[in-house]
Amino acid sequence: MQDQHTSDEESKQGGSGGEPLPAAIAAALGSRITEGAVVDGVVHITVPATEVIEALRILAFEMDEPYSHLSDLCGVDRPDCIEVVYHLFRPLSNDACVVRVKLPRTNPHVPTATVLWETANWAEREAAEMYGITFEGHPDPRRLLLPDDISGYPLRKDWEYPQDHPYLRREPLHEEFPEIVGRVRAEAAPAEDERDGNSK
Amino acid sequence: MDAGLDMRTTGTKSDDSILSILRLIVQGIVSIAKSHWVTLVNFWRPTVCERYPHKDKSLDYKPGPGYKGDFALITDKEKGRLRCIACQSCERACPNHCIRVVPAGKGKDRYPAEFYIDVGLCMNCEICVEVCPVDALTMTPDYECSVHDPRDLIRNIKQLTERGMEFDEVSRVR
Amino acid sequence: METRSDLRTEELLINMGPQHPSTHGVLRLVLTIDGERVVQAVPHIGYLHSSMEKIAEAKTYRQYMPFADRYDYLNAMGNELAYVRAVEKLCGIEVTPRCEYIRVIMAEMNRIASHLVYFGTLGLDTGSWSPFLYCFREREAIIQLFEDTSGQRLLYHYFRIGGLRNDLPSHFCDKLAEFLDYFPARINEYNDLLTNNIIFQRRMQGIGYLSPELCRRYSVTGPNIRGAGIPYDIRRVVGYSVYPELEFDIPTRPEGDAYARHLVRVEEMRQSVRILKQCLEKLPEGEINVKVPRRLKPVVGEVYERVESPRGELACYLISDGSEKPWRLHWRAPSFYNLQVLPELLKGAYVADTVAILGSIDIVLPDVDR
Ligand code: SF4
Ligand code: SF4
């Protein structure tokens with residue numbers, strides 16, 4: 001199903017399916033790539049979680065024209081998996097390479113990219129608290145943005161808004177506002193019903 | 001990295017001969033004299049700040065048309081009724097859910113029995129004004145919304161209609 | 001009798017912030033200091049976290065637009081530009097040339113305004129009051145123009161998907177041209193006041209050294225990387241919107257210290273003036289809006305749209321699942337990544353230089369926390 005999802009997405013985005021991968025990347029990464037396509041000039045590759053650091057290292061340091069600028073790292077909640085997306089760019093150019101890792105929803109694990117870029121430090125801490133991804137070997141696996149007492153992983157689609165959390169509780173005024181209106185509606189509604197009844 | 005550490009520990013490089021120290025002193029005096037000159041020049045420039053609020057309200061700043069301030073409902077002066085047809089488009093489009101419209105009447109005579117806007121929740125994005133099919137809602141250049149009790153920030157249909165009396169059309173940038 | 005070397009010294013832990021006036025928002029720095037030197041600095045962020053990314057999943061593409069203003073409030077137009085470009089790319093909407101030019105004018109004016117705030121607050125951090133007042137006076141001219149155009153002074157919501165809220169008001173071009181005439185002379189004045197002031201120079205030179213290697217490891221972007229000698233500017237690298245048609249230089253400095261970053265920003269204001277002058281000359285006539293369906297449903301897909309914000313590389317990563325609401329929106333916030341390098345810059349610096357170094361990397365805390 002995921003395959004279908006991805007190919008569907010790529011075919012729509014690129015118009016008529018992605019072109020094959022550039023030879024340099026295909027040669028450098030070889031069998032590490034499980035899926036790959038070029039869409040709108042952007043190289044998209046998917047690699048297994050165990051191979052990702054090696055793949056990133058090759059892309060960033062061992063190619064002739066390395067993708068050494070890690071622009072961004074973030075998590076994405078797909079319908080059937082959690083993804084970690086690495087946006088790599090060649091320095092001083094717009095050549096992009098998007099590396100993805102697909103992880104299971106329960107207990108996702110991926111090795112940390114902080115060994116290659118310190119950039120990944122905070123980005124991974126954010127992805128960890130938002131998606132519950134464990135980055136193995138992360139030097140500082142604390143929470144970054146959220147308060148310590150939030151349960152669950154807020155950016156997952158199945159997360160539920162905690163109604164009783166002291167910081168997230170709604171202001172009484174905001175509660176009252178629909179109430180006032182609800183009262184007015186309740187008063188107004190019978191009148192309308194009556195009118196409905198009369199007109200019929 | 002190492003070069004960086006070096007720079008940090010040694011600070012700016014300068015030799016200690018009398019001549020260079022003298023030059024530094026002269027440079028310092030000149031640069032400080034210059035900055036005083038700048039402050040002196042600026043002393044005579046007109047100020048852009050306004051004293052607010054003035055005792056005389058008519059002196060207060062008036063934003064131009066198209067300012068996203070407080071709300072108003074426009075009255076159709078010919079027909080003598082509100083333009084709003086209570087279609088609730090604005091209610092659905094508002095990102096912050098701060099509008100409530102209670103419709104009344106049927107078909108052509110549909111009108112808003114109640115119209116609430118919580119200005120305290122509103123973020124002045126003007127989406128509600130844009131979606132209105134009959135241009136009945138507008139934002140006005142009225143920016144004075146401060147009150148003592150946040151409950152007073154909920155505008156009702158009476159206030160909105162009153163403010164809308166000055167407007168024949170949606171307030172737009174010209 | 002004890003000699004000096006026998007005296008036992010202890011490292012001291014101090015908290016700077018979260019309510020420190022020099023942190024430009026709510027940032028807490030835990031500094032370990034040894035005498036006057038910082039041994040270790042640990043930033044704690046998240047005090048202004050506003051779930052911008054979660055909010056996006058509950059709003060339609062149009063409804064999210066005003067939220068894009070709200071996290072980097074000094075660069076609201078630039079954020080809107082990133083978001084609106086991402087959505088338009090996803091939907092395949094082409095906007096008119098006049099609209100593109102007006103967007104670039106707005107983004108560049110906002111860049112000047114943002115750098116003016118930087119300039120003024122850096123003056124405050126290093127103990128000089130007047131630049132703050134003068135910079136805000138000049139910023140006021142820009143903000144006034146924004147207010148006349150978009151109806152708001154800080155959070156504009158001026159760009160729309162496929163166009164703009166309204167055309168420029170009739171007096172806009174004259175007012176802007178007037179501003180562009182006197183503004184370069186004002187920059188010279190500020191330089192006399194602050195940049196060329198010998199106390200300020202001695203204070204800023206040689207602190208917060210950022211090497212190109214450090215920039216790569218921490219993905220530092222914007223004026224910070226240009227202050228380290230690398231001409232990395234998304235306007236040139238990607239050449240989005242009408243920037244390829246405009247002439248401007250990318251100022252760089254090789255030194256990599258706080259003063260170099262300061263000089264880069266000052267020079268950038270001049271370059272923005274240059275861009276604005278060209279834009280005013282080239283501004284085409286015509287429509288500003290193109291027809292966009294009322295219910296906006298992009299195809300399934302994703303875009304990663306980068307623009308140059310005053311603080312660096314700002315990117316909007318937008319994934320659509322074909323419905324009216326984004327499946328996922330992620331902001332690559334420049335301040336978030338630029339702040340990460342701060343502990344490295346503070347290592348070995350004097351405590352008194354902390355605020356100067358922090359000021360020189362120019363962060364906006366809501367942009368860090370999103
Ligand atoms: S301006 Fe925006 S937030 Fe305020 S009521 Fe209208 S749609 Fe809602
Ligand atoms: S103000 Fe306009 S959009 Fe809102 S209910 Fe009335 S007619 Fe509909």
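Letters go in sequence order (proteins before strands), and every chain restarts at 1. What you see is a predicted model, and the numbers here were worked out from it, not measured in a lab.
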> Do NZ/NE/NH1/NH2 and the carboxylate oxygens of C/E302 and A/R100 come within less than 4.0 Å?
Replying inline: yes

> Could you name the residues of residues 47-55 of chain C that have a heavy atom within less than 4.5 Å of a heavy atom in chain A?
Replying inline: C/H49, C/E53, C/K54

> Is it the side chain or the backbone of A/R125 that comes within 4.5 Å of chain C heavy atoms, both, or neither?
Replying inline: neither

>> Any non-hydrogen side-chain atom of A/D140 less than 4.5 Å from a side-chain atom of C/V42?
In response: no

> Which one of A/L146, A/V98, A/N121 has the most heavy-atom pairs closer than 4.5 Å to chain C?
Replying inline: A/N121

> Side chain, backbone, both or neither: which part of A/R143 has a heavy atom under 4.5 Å from chain C?
Replying inline: neither

> Of all of A/L70, A/L155, A/T119, A/N94, which one pairs up most often with chain C through heavy atoms under 4.5 Å apart?
Replying inline: A/T119

> How far apart are the closest heavy atoms of A/S71 and C/E313, and which atoms are they?
Replying inline: OG-OE2, 2.6 Å

>> Could you check whether atom CD of C/E94 has more than 12 heavy atoms from other residues, nucleotides or ligands sitting under 6.0 Å from it?
In response: no

>> Can you tell me how far apart CG (C/D233) and CG (A/L92) are? Round to the nearest 0.5 Å.
In response: 10.5 Å

>> If I measure from the heavy atoms of chain A, does C/R236 come under 4.5 Å with its side chain, its backbone, both, or neither?
In response: neither

> Out of C/R306, C/R328, C/E57, C/Q340, which one racks up the most heavy-atom pairs below 4.5 Å with chain A?
Replying inline: C/Q340

> Is it the side chain or the backbone of A/A96 that comes within 4.5 Å of chain C heavy atoms, both, or neither?
Replying inline: neither

> Can you list every pair that meets ring-ring contact (aromatic ring centres under 6.0 Å, His included) and has a residue in residues 298-342 of chain C, with sequence neighbours left out?
Replying inline: A/H87-C/Y304, A/H87-C/Y317, A/F89-C/Y304, A/W122-C/F336, C/Y71-C/W331, C/Y304-C/Y317

> Run the side chain to side chain contact (heavy atoms under 4.5 Å, CB included) check on C/I319 and A/R78 step by step: do they pass?
Replying inline: CA-CA 10 Å; C/I319 302 178; A/R78 295 280 185 189; 3.7 Å; yes

> So what's closer than 4.5 Å to chain A heavy atoms on C/T221: side chain, backbone, both or neither?
Replying inline: side chain

> If only atom types and distance count, is the side chain of C/R216 paired as donor or acceptor with the main-chain N or O of A/P91 below 3.5 Å?
Replying inline: no

> Which answer fits A/V85, side chain, backbone, both or neither, if we ask what part of it has an atom under 4.5 Å from a heavy atom of chain C?
Replying inline: side chain

> Measuring heavy-atom distances to chain C, does A/L116 have an atom under 4.5 Å in its side chain, in its backbone, in both, or in neither?
Replying inline: backbone

>> Please check this pair: side chain of C/S219 against backbone of A/H69, looking for a donor-acceptor N/O pair closer than 3.5 Å.
In response: no

